Amino acid sequence: MPDAQDRPWRSPLPGELAGEAFAIAVELATRCTDPAKVREANELCERQTHFPAALHWDPLSVAQGDLGQALLCGQLHQVDPQAGWDRTGAPLAGSAAALLRRGVRPGMGSVGGSSGVAFVARRLKDANLHPQLPHLDAVIAQDALGTAARIRGRHGIPVSSFDQISGLSGVLLCALPNESQPAAPVTPFLLKALAALATEDGQPPAWYTPPEQLYDDEQRHYYPFGNLNLGLAHGIPGPLAALAVAVRLGLGGDETRAAVGRLGDWLAFHATAGDAGPGWESVVTLVPGADGLSEEPPRGVGRDAWCYGTPGAARALFLAGEALDRPDWRELAIEAMASVYRRPVAQRGIDSPTFCHGVAGLLQITLRFHHDTGLPLFADAATALTRQILDTVELDRPMGIANLEPEDNKVDQPGMLDGASGVSLALLSASSEVEPTWDRMFALS
């Protein structure tokens with residue numbers, strides 16, 4: 001069997017379903033790359049959402065802005081080079097480039113910062129955006145150096161310093177080489193900084209989050225002594241996945257491999273037995289113990305999402321198992337995914353069809369497992385998840401599909417993480433024969 005890195009991408013869907021999924025992917029993409037429809041959806045979204053402070057459209061954002069739509073156009077152009085998606089994506093990338101030329105400087109993060117801009121620039125080679133790469137690389141290096149200096153030697157740090165969304169692991173994922181571009185200059189430094197964090201001795205680990213560094217007062221109420229974050233988006237699976245991908249690409253030395261070994265063992269040890277099989281909590285709660293902080297026994301498993309819960313953690317552990325040839329880690333990851341599929345849909349905690357904490361994210365992870373293993377388990381799950389998403393399509397809505405917030409609140413969202421463009425990308429991954437290499441940014445490949 002060829003290595004998964006060399007294996008061609010194949011849709012696991014039955015032919016008729018693949019055709020339907022592809023058609024809906026294109027329909028959603030057509031809507032969420034139409035500036036007038038995006039404006040309409042964003043205006044509706046502001047009135048509909050329960051979280052207005054968290055939602056704003058940013059041309060420099062992949063998560064919620066023009067660059068996410070440009071990334072979608074780039075993937076569609078690879079799938080169908082004659083359909084004109086490169087022309088559709090050009091002004092979206094151009095709007096980001098114009099802001100950079102005016103001196104706008106976002107943070108260093110992946111889905112909403114400079115690293116994400118650089119990732120899209122490397123992929124698209126847009127005539128306006130690609131020339132900004134040297135400047136972007138310099139800005140990213142400066143910010144990453146500063147972040148690493150602030151956390152070096154500290155015991156207890158904010159997740160935003162190392163996570164996939166805002167921190168060093170997301171920066172590393174965006175900096176790694178791809179099929180046509182070398183690694184960004186900052187890559188060796190990122191490998192060293194993350195490896196040092198992972199291998200530093202101490203209990204709890206150096207990367208634990210003390211209460212004063214938690215996200216808000218509600219989190220501090222639930223975790224008055226801090227916690228250990230297990231989410232792929234915000235926790236230690238992000239650095240594990242990033243370092244594992246680097247090792248698979250032949251980067252880093254013994255220190256990097258040792259870091260993957262340390263984090264992989266830690267994550268595997270913290271798998272817990274749910275009702276349907278092994279899985280992971282969203283966080284490990286810390287409580288006072290005889291010799292300092294200790295870990296509270298697990299309470300169960302988290303929701304079955306990309307951002308938090310079993311699927312994201314399982315994907316990180318599988319990538320680590322591939323990097324160090326640890327069949328025990330790979331087998332645990334596969335069994336954990338099987339437990340997700342055994343759970344009734346209503347108990348998975350991902351009612352929305354969208355990517356971050358919805359069905360599209362679980363579908364994308366499932367497709368990656370199918371590509372890497374070829375197991376029928378994942379083909380069957382991808383088929384069921386695709387049908388689940390298609391059942392939520394509402395073509396009378398501006399984006400053709402809605403994000404579902406708590407209390408079944410529907411929001412017309414065009415964005416990547418919580419909107420139509422992320423759903424379109426996942427459906428495109430499921431129905432086409434072109435590998436979705438864009439998902440490296442999200443710690444999946």
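Note that the structure is a prediction, hence the values are computed from the model and not measured. Starting from 1, each residue takes its place in the sequence as its number.
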To the nearest 0.5 Å, tell me how far [X] [atom1] sits from [Y] [atom2].
| X | Y | atom1 | atom2 | result |
| --- | --- | --- | --- | --- |
| Gln364 | Leu427 | CD | CG | 10.0 Å |
| Thr373 | Phe378 | OG1 | CZ | 5.0 Å |
| Leu191 | Thr256 | CG | OG1 | 4.5 Å |
| Ser114 | Gln132 | OG | CD | 11.0 Å |

### Task
Take the angle between the ring planes of Trp266 and His270 and call it parallel below 30°, perpendicular above 60°, tilted in between.
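Correct class here is parallel.
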### Query
Parallel under 30°, tilted from 30 to 60°, perpendicular over 60°: which one fits the rings of Phe355 and Trp306?
tilted
### Task
Take Leu267 and Leu230 through the side-chain contact (heavy atoms from CB on, under 4.5 Å) test and state the conclusion after the steps.
CA-CA 8 Å; Leu267 189 59; Leu230 293 175; 4.0 Å; yes
### Query
What's the verdict on side-chain contact (heavy atoms from CB on, under 4.5 Å) for Leu129 and Val117, showing C-alpha distance, side-chain angles and the deciding distance?
CA-CA 8 Å; Leu129 194 57; Val117 181; 4.0 Å; yes
Do [X] and [Y] sit within salt-bridge range, that is, some charged N less than 4.0 Å from a carboxylate O?
| X | Y | result |
| --- | --- | --- |
| Asp86 | Lys125 | no |
| Asp254 | Arg257 | no |
| Glu322 | Arg248 | yes |

### Query
Please, which pairs that meet salt bridge (Lys or Arg N to Asp or Glu O under 4.0 Å) have at least one residue in residues 94-122, sequence neighbours excluded?
Arg105-Asp143, Arg122-Asp137
### Query
Is it true that the NZ or CZ of Arg315 lies under 6.0 Å from the centre of Phe369's six-membered ring and within 45 degrees of the ring axis?
yes
#### Entry: Positive for salt bridge (charged side-chain N to carboxylate O under 4.0 Å, His left out) with Glu435, one of Arg368, Arg10, Arg7
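Exactly one option meets the salt bridge (charged side-chain N to carboxylate O under 4.0 Å, His left out) with Glu435, and it is Arg368.
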### Message
Tell me if a side-chain donor or acceptor on Arg348 pairs with a main-chain N or O of Val340 at a distance below 3.5 Å.
### Response
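Checking the backbone N and O of Val340 against the side chain of Arg348, a donor-acceptor pair under 3.5 Å is found.
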#### Entry: side-chain contact (heavy atoms from CB on, under 4.5 Å) partner of Met108, the single match among Val186, Leu145, Thr147
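So, applying the side-chain contact (heavy atoms from CB on, under 4.5 Å) to Met108 and each of Val186, Leu145, Thr147, only Thr147 qualifies.
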#### Entry: Audit row: His155, Tyr208, side-chain contact (heavy atoms from CB on, under 4.5 Å) steps and yes/no
CA-CA 7 Å; His155 207 81; Tyr208 92 94; 3.8 Å; yes
### Message
Evaluate Leu286 against Glu295 for side-chain contact (heavy atoms from CB on, under 4.5 Å), listing each step before the verdict.
### Response
CA-CA 5 Å; Leu286 295 175; Glu295 298 175 7; 4.0 Å; yes
